[in-house]
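Every value quoted in this text rests on a predicted model; they were computed, and no experiment measured them. Letters A, B, ... are given to chains in the order of the sequence lines, protein chains preceding strands, and every chain is numbered from 1.
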Amino acid sequence: MPVSPLHAPLLDWYAAHARDLPWRQPGVSAWDVLVSEVMLQQTPVARVLPVWLEWTARWPTAAALAAEAPGEAVRAWGRLGYPRRALRLHAAAVVVTEQHGGELPDELAALRTLPGVGAYTAAAVLSFAHGRRHAVLDTNVRRVLARVGDGVENAGPSATAAEYARAEALLPDDPGEAARWAVATMELGALVCTARAPRCSECPVADACRWRAAGYPAAQTQARRPQAFAGTDRQVRGRLMAVLRTASEPVPRDLLDEAWHLPEQRERALAALAADGLASELPDGRWCLPGTHGPAAAGVAPAGAG
DNA sequence: CACGCGTGGAT
DNA sequence: TATCCAAGCGT
C-alpha cells in the first residue's frame, strides 16, 4: 500500500524535522540500536541520551558487555528506572555472545527470544538498524493511527491484531521507505501528535486526520489510572537500589535500613530485589550489585566447586 | 490480561 | 501539590 495521502507529507515532514539522535546516525551497530531501544522503553529521550553515549563507548559490543558482571550494567544504568532492563540487556549480551557469535540476530524469531526484546523492540531493531519492512507499533504510532485513522483520542491499552493489520497495510512496499515511514510515524507522535496538547497546527497530515475532523472528541473510556508510587514497594526498591548503585564497596545492612523506615516493607523489597537478581548478599551479610564483589550469587544456592 | 516494575520533568 | 506521562516487557 505505497500510495496514501499521508505518505509524502509525513516523509517530507520527517526529513525536515527529525531530531538528530545519536542512535540514528549511519554506521551505528544493530547492537547499539538495541541498547537505545531498551533504554527508551518507558524512559524519555532526554534522559536516555547521556547514558546511551557513555554505555556504548564503554561497551561497544555485546561481547564487551557480556564480559562484565551484571551489576556493572545495573550501575551504569544509573537513574533511568526499571533497572531490570539493564539485567535483561546484559543477559541478552551473554546470549548473543555465546549463541550467535557476538552478532545480534536479524530475524524476528531469534530477536524475540532475547531477554527484554518484545514485539515492539524486535520490530524496531529490524526496521531502524536493518532497514527492513516491519510494522513498528509503539505508543506513539498507536496514538497517531488512532487519531488519524479512527478519529479517537487514544489507542486501547494494548496493541490489537487489527492495529497491526492497519500498520502493515500502511507500510510502503520498498523496505527502506517502509523503515523511514516507521520512524517518521513515531517521530510525529513524539513531537507533534503528543498525548497532551498536540500541535495540530504543525501536523503534516492534519487535513487527513479524522480526530481533528470530528472536533477532537474526548476519549470515551478513561485510561487505566496510573499506578501509585509514593509509599509503594517500587519506591522502596528504588531507594535501596540507589544505595547499592552509589556505593563502591559492599554496604552493611544498617546503611540499607536508612533507605526506608518500615522494616517489614524494606525486608520485602530487598528480598524481591535479590530474587530478581538486582541485589546480592555476601557471606558477611553485606549487600552489593550482583557479581560486583566476588562470584555472583543472586540468591541462588552456591554451586558445587568445579 | 492486568499488573508490577523506577524516575523525574511538565503541567 | 498531585497527576500525568515517557520508543514496553514478563508473568
*Asks:* What residue pairs, at least two apart or across chains, pass salt bridge (charged side-chain N to carboxylate O under 4.0 Å, His left out) with a residue in residues 247-259 of chain A?
*Replies:*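 Residue pairs with at least one partner in residues 247-259 of chain A: A:Arg253-A:Asp257, A:Arg253-A:Glu267, A:Asp257-A:Arg266.
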*Asks:* Please state how far atom CD in A:Gln265 lies from atom C1' in B:dC5, giving the value in whole angstrom units.
*Replies:*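 For the pair A:Gln265 CD and B:dC5 C1', the rounded distance is 15 Å.
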*Asks:* Please state how far atom CD in A:Gln42 lies from atom P in C:dC9, giving the value in whole angstrom units.
*Replies:*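 In whole Å, C:dC9 P lies 9 Å from A:Gln42 CD.
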*Asks:* Looking at residues 114-121 of chain A, who's got a heavy atom less than 4.0 Å off DNA chain C?
*Replies:*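 Within this stretch, A:Leu114, A:Pro115, A:Gly116, A:Val117, A:Gly118, A:Ala119, A:Tyr120, A:Thr121 sit under 4.0 Å of the strand.
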*Asks:* Counting only side-chain nitrogens and oxygens, does A:Arg88 get under 4.0 Å of the OP1 or OP2 atom of C:dG10?
*Replies:*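 Answer is no, no contact under 4.0 Å.
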*Asks:* Using the C1' atom on both, measure C:dC9 against B:dG9 and round to a whole Å.
*Replies:*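 Roughly 24 Å separates the two C1' atoms.
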*Asks:* Write down the distance separating the P atoms in B:dC5 and C:dA2, rounded off to the nearest Å.
*Replies:*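 B:dC5 and C:dA2 have their P atoms separated by 22 Å.
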*Asks:* Nearest whole Å is fine: how far is C:dC4 P from A:Asn154 CG?
*Replies:*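 Result: 13 Å.
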*Asks:* Between B:dT7, C:dA6, C:dA7, spot the one nearest the side chain of A:Phe229, thanks.
*Replies:*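 Comparing B:dT7, C:dA6, C:dA7 against the side chain of A:Phe229, the answer is B:dT7.
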*Asks:* Can you list everything that forms a ring-ring contact (aromatic ring centres under 6.0 Å, His included) with A:Trp260? Sequence neighbours excluded, please.
*Replies:*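 Scan of A:Trp260 (ring-ring contact (aromatic ring centres under 6.0 Å, His included), adjacent residues dropped) gives none.
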*Asks:* For A:Pro83, report the nucleic acid contact type (base, sugar-phosphate, nothing); a contact means any heavy atom under 4.0 Å.
*Replies:*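 Sugar-phosphate contact only - A:Pro83 comes under 4.0 Å of backbone atoms but never of a base.
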*Asks:* Could you spell out the base pairing of DNA chain C in dot-bracket, with Watson-Crick or G-U pairs whose two distances are under 3.5 Å, [ ] crossing and | to another strand?
*Replies:* .|||||.||||
*Asks:* Answer yes when A:Glu72 and A:Arg75 have at least one side-chain N-carboxylate O distance shorter than 4.0 Å, and no when they do not.
*Replies:*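 Looking at A:Glu72 and A:Arg75, the cut-off is met.
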*Asks:* Counting just side-chain N and O atoms, does A:Arg19 come under 4.0 Å of either OP1 or OP2 of C:dA7?
*Replies:*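 For C:dA7, neither OP1 nor OP2 has a side-chain N or O of A:Arg19 closer than 4.0 Å.
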*Asks:* Of A:Val96, A:Val125, A:Leu111, which is the lone residue that meets side chain to side chain contact (heavy atoms under 4.5 Å, CB included) with A:Leu34?
*Replies:*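 The side chain to side chain contact (heavy atoms under 4.5 Å, CB included) with A:Leu34 is passed solely by A:Val125 among A:Val96, A:Val125, A:Leu111.
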*Asks:* Say you draw a straight line from OG1 of A:Thr185 to NE2 of A:His7; how long is it, rounded to the nearest 0.5 Å?
*Replies:*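 The distance works out to 7.5 Å.
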*Asks:* Hey, is the side chain of A:Arg84 poking within less than 4.0 Å of OP1 or OP2 on B:dC5, counting only N and O atoms?
*Replies:*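 No, no such contact exists.
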*Asks:* Heavy-atom nearest nucleotide on DNA chain C for A:Arg196 versus A:Tyr82: which residue maps closer to 5'?
*Replies:*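 Looking at the nearest nucleotide for each, A:Arg196 comes out on the 5' side.
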*Asks:* Let me know which of A:Val28, A:Val45, A:Leu40 forms a side chain to side chain contact (heavy atoms under 4.5 Å, CB included) with A:Leu21.
*Replies:*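 Answer after filtering A:Val28, A:Val45, A:Leu40: A:Val45.
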*Asks:* Suppose the criterion is salt bridge (charged side-chain N to carboxylate O under 4.0 Å, His left out): which pairs have a residue in residues 181-198 of chain A, not counting sequence neighbours?
*Replies:*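 Listed once each, the pairs are A:Arg19-A:Glu187, A:Arg24-A:Glu187.
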*Asks:* Could you check how far CZ of A:Arg79 sits from P of B:dT7, rounded to whole Å?
*Replies:*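 Computing the A:Arg79:CZ to B:dT7:P distance gives 9 Å.
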*Asks:* Among C:dA6, B:dC5, B:dT7, which nucleotide has an atom closest to any side-chain atom of A:Arg143?
*Replies:*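 For A:Arg143, the side-chain atoms sit closest to C:dA6.
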*Asks:* Going by atom types alone, do A:Gln41 and A:Tyr120 pair a side-chain donor with an acceptor below 3.5 Å?
*Replies:*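 No, because no side-chain N or O of A:Gln41 sits under 3.5 Å from a partner of the opposite role on A:Tyr120.
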*Asks:* Just how far, in rounded Å, is P of C:dT11 from CG of A:Asp276?
*Replies:*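 Atom CG in A:Asp276 sits about 10 Å away from atom P in C:dT11.
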*Asks:* Which part of the nucleic acid, if any, lies within reach of A:Leu87 when heavy atoms closer than 4.0 Å are counted: base, sugar-phosphate only, or nothing?
*Replies:*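 Nothing, no nucleic acid heavy atom in range.
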*Asks:* Mind calculating the distance between CG (A:Leu34) and C1' (C:dG8) to the nearest angstrom?
*Replies:*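 The answer, rounded to whole Å, is 13 Å.
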*Asks:* Can you tell me the distance, in whole Å, between the CG atom of A:Leu111 and the P atom of C:dG10?
*Replies:*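 That distance rounds to 12 Å.
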*Asks:* Taking atom C1' in both C:dG8 and B:dC1, what distance in whole Å separates the two?
*Replies:*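 After rounding to an integer number of Å, I get 15 Å for this pair.
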*Asks:* Considering only heavy atoms and no angle criterion, is a donor-acceptor pair shorter than 3.5 Å present between the side chain of A:Arg234 and the base of B:dG6?
*Replies:*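 A donor-acceptor contact between them is present.
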*Asks:* On a plain distance test, is the side chain of A:Thr232 in donor-acceptor contact with the base of B:dG4 below 3.5 Å?
*Replies:*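 For A:Thr232, whose side chain was compared with the base of B:dG4, there is no donor-acceptor pair (under 3.5 Å).
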*Asks:* Looking only at atom P, what distance separates B:dG6 and C:dT11, rounded to whole Å?
*Replies:*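 Their P atoms lie roughly 14 Å apart.
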*Asks:* Rounded to whole angstroms, how far apart are CE on A:Met241 and C1' on B:dC5?
*Replies:*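 These atoms are roughly 12 Å apart.
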*Asks:* Could you list the residues that satisfy ring-ring contact (aromatic ring centres under 6.0 Å, His included) with A:Trp287, not counting sequence neighbours?
*Replies:*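 Here no residue qualifies.
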*Asks:* So, under a plain 3.5 Å distance rule, would you say the side chain of A:Arg47 forms a donor-acceptor pair with the base of B:dT7?
*Replies:*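 Side chain to base: pair present.
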*Asks:* Is any NZ, NE, NH1 or NH2 atom of the basic residue among A:Glu168 and A:Arg133 found under 4.0 Å from an Asp or Glu carboxylate oxygen of the other?
*Replies:*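 Salt bridge present between A:Glu168 and A:Arg133.
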*Asks:* On a whole-Å scale, what distance lies between the P atoms belonging to C:dA7 and B:dT11?
*Replies:*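 The same atom, P, in both gives a distance of 15 Å.
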